[in-house]
Asks: 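Sharing a structure here in structure tokens format.
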2 protein chains.
Amino acid sequence: MSETALRQMRMLQFIPREPRKISAPEMASKLTAAGFDEVTLRTVQRDLNALSKHFPIRSDEREKPFGWFWMKDAPAFGLPALDPQTALTLKLAQNYLNLELPTATLDYLSPYFKAADNVLSEMGGRLAKWPDKVRVLPKGQPLLPPRIDGDVQRVVYQALMENRRAEVVYRKPAEVMEQTFEISPLGLVVRNQVVYIVCTIGESKKTYLLVLHRIQKAQLLDKPAAVIKGFSLEKYIQQGEFGLPTGRKVRLEAVFTHLAGRHLLETALSGDQDTEILPDGRIRITATVVETEELKMWLRSFGDGVEVISLI
Amino acid sequence: MSETALRQMRMLQFIPREPRKISAPEMASKLTAAGFDEVTLRTVQRDLNALSKHFPIRSDEREKPFGWFWMKDAPAFGLPALDPQTALTLKLAQNYLNLELPTATLDYLSPYFKAADNVLSEMGGRLAKWPDKVRVLPKGQPLLPPRIDGDVQRVVYQALMENRRAEVVYRKPAEVMEQTFEISPLGLVVRNQVVYIVCTIGESKKTYLLVLHRIQKAQLLDKPAAVIKGFSLEKYIQQGEFGLPTGRKVRLEAVFTHLAGRHLLETALSGDQDTEILPDGRIRITATVVETEELKMWLRSFGDGVEVISLI
DNA sequence: GACTAGGCGACAAGCAATGTCGCGTCAACT
DNA sequence: AGTTGACGCGACATTGCTTGTCGCCTAGTC
């Protein structure tokens, strides 16, 4: 296979999507870094021009080192191509994520979902009806997602990833006053469509929990994030900051009515779950579970459908 | 840009992933169909060999028209390449889906998740620690997913997509006896990690609900699926086949303790939700909701934390 | 106005890609 | 067992593409 073809494919990967861009000299140095020896700048220029004739790639020629980029709405095509099974799975995932992730977050994945649509609709007319064939039913009571600002999200995510600080304008729900913080994000926790930011504020060592959709404005700062030695998101969550208590392991013994408990026969509470079907059809379950608020809510949700024998 | 390079890229897209495969003659005809005139079979053979030297592509040489395929665990690389934001979103999605979709289903997406891992770990050492920075907390009590056979899943999905029949061997949970059905899948519903197949059996017009993980064996038949005129998955679900009753709209009025209800201030029950904070801190919510079993379970799960005033 | 960086056209040398042909192999059919 | 056909692959000459070099042009900068 010719060096040329390989190089051009590699170049396609180095070209970013529209807001960002790459210049020919940058590209040349990336290529040499990637092991393509002795590529003249001239060759890179020629290649970029050639690629733009066959792919949705354009150059910004307003200033001199031209900036090359994939057009914003260029469809993502993957290698290997999406097979129908994977496309179906993607749509399933989309169906589900729509219920659970904020829209602004999910937008990043839309080129993939679009690609899945294409695959499925190309597979012949019959298959075009797939949306009528697949459904995801939500777990629990559906709630409306809070509105998240796209720019705010981008800044916060970037700050988290690049260990930088951000200045955010924050407003608590029932308050009119806005506050401005300089945050150093430590972690991101998503639960029930709400995105939480674990962070420190200013030079303080104390960790705070901000809610993404309460941030009105955010601006990335060119300052490295404050470092908290030994911080671990896992431990932080274990501490019960999200209302989940320490998570002691307990032995649950309970008797469910047949209707309420039969799903546990197939989706067990734990690996060591014991089940016994009583003569009257009721189901006795014994399992080792973690004692959390969720567990209590889950048990309560069955109302009369469950009788808890013991929980030690 | 040379015809050669373009053709080879196109070939990469035509090559399927491991279980499936494509032969050189097939490839040749696909290429001519795609507008590449006059490609000798010999050239295609040469190209395939060349590609396999630079990509995780292999050929099955056990029988004569060799079958070419991308290796099962080949990482998917997309064009344009995954940017860090998208990669992070993908990992977030994976985190979520792990809790909700059966593992066998999610396996189809694993190349994408792997690609996201690569992007994130290449972004410099600091970013390699991202898994410690992002967490998704499950909604409700976590249950163990049932085990689904990969082959069974593939066959059933394919039957659904191609409107064909499949022969399945089915075993109900507490029974030893296996039954064999010839099913025509009508739709797929996923709820709480359980995949349900809505289908007809044999020539009957009655719809049945099978559970994917109870299928022991499945074989695709070369018979078109039985057609049910006017079937709609949407309507089927509305009929309450999943224990969700008809879904009458009702007006809910309830008073929550502050702790139990404050999340409703930001993630509302409905668009027309009214909230009032009572002098003692409790929260009165009025909203139009659909009366479902989920709603009742949700209300019960708060125990003493909520007092339902009316539900009409 | 000189200087610099980058883009681009032109051109000859070299290298790669292609079609053709022939041989070998394997499997299926007669 | 022989025949036939499909396929993969090595070899080779020819065609045509790719590449580095050089020089010119433009736009911004000191």
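Because the structure is a prediction, the values reported are computed rather than measured. Every chain is numbered from 1 and lettered A, B, ... according to where its sequence line falls, protein lines coming before strand lines.
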Asks: Under 3.5 Å, is there a donor-acceptor pair linking the side chains of B:Tyr170 and B:Gln179?
Replies: no
Asks: Say you draw a straight line from NZ of A:Lys21 to CD1 of A:Ile57; how long is it, rounded to the nearest 0.5 Å?
Replies: 15.5 Å
Asks: Within residues 40-62 of chain A, find the residues that approach DNA chain C with a heavy atom at under 4.0 Å, and present them sorted by residue number.
Replies: A:Arg42, A:Gln45, A:Arg46, A:Asn49
Asks: Could you list the donor-acceptor pairs under 3.5 angstrom formed by side chains in residues 65-76 of chain B, with sequence neighbours left out?
Replies:
| from | atom 1 | to | atom 2 | distance (Å) |
| --- | --- | --- | --- | --- |
| B:Trp70 | NE1 | B:Leu12 | O | 3.2 |
| B:Trp70 | NE1 | B:Ile15 | O | 3.3 |

Asks: To the nearest Å, give me how far apart CD (A:Glu3) and P (D:dG20) are.
Replies: 10 Å
Asks: May I ask you to check whether B:Asp107 and B:Ser110 show a side-chain donor-acceptor distance below 3.5 Å?
Replies: no
Asks: Mind listing the side-chain donor-acceptor pairs of residues 150-157 of chain B below 3.5 Å, one per line with the distance, residues two or more places apart or on another chain?
Replies:
| from | atom 1 | to | atom 2 | distance (Å) |
| --- | --- | --- | --- | --- |
| B:Asp151 | OD1 | B:Arg154 | NH1 | 3.2 |
| B:Gln153 | OE1 | B:Thr105 | N | 3.3 |
| B:Gln153 | OE1 | B:Thr105 | OG1 | 2.6 |
| B:Gln153 | NE2 | B:Ala104 | O | 3.1 |
| B:Tyr157 | OH | B:Thr105 | OG1 | 3.3 |

Asks: For a quick test of reading the model: is some side-chain N or O of A:Ser2 closer than 4.0 Å to OP1 or OP2 of C:dA17?
Replies: yes
Asks: Scan the side chains in residues 25-32 of chain B for donor-acceptor partners under 3.5 Å anywhere in the protein, sequence neighbours excluded, and list what turns up.
Replies:
| from | atom 1 | to | atom 2 | distance (Å) |
| --- | --- | --- | --- | --- |
| B:Glu26 | OE1 | B:Ser23 | N | 2.9 |
| B:Glu26 | OE1 | B:Ser23 | OG | 3.2 |
| B:Ser29 | OG | B:Glu26 | O | 2.9 |
| B:Thr32 | OG1 | B:Ala28 | O | 3.3 |
| B:Thr32 | OG1 | B:Ser29 | O | 2.8 |

Asks: Who are the side chain to side chain contact (heavy atoms under 4.5 Å, CB included) partners of B:Thr40, not counting sequence neighbours?
Replies: B:Arg42, B:Thr43
Asks: By the definition side chain to side chain contact (heavy atoms under 4.5 Å, CB included), identify the one residue from B:Val119, B:Leu88, B:Asn118, B:Thr89 that meets it with B:Leu82.
Replies: B:Val119
Asks: Rounded to the Å, how far apart are A:Glu63 CD and D:dT26 C1'?
Replies: 15 Å
Asks: In residues 24-33 of chain B, what residues come within less than 4.0 Å of DNA chain D, judged by heavy atoms?
Replies: B:Ala24, B:Pro25
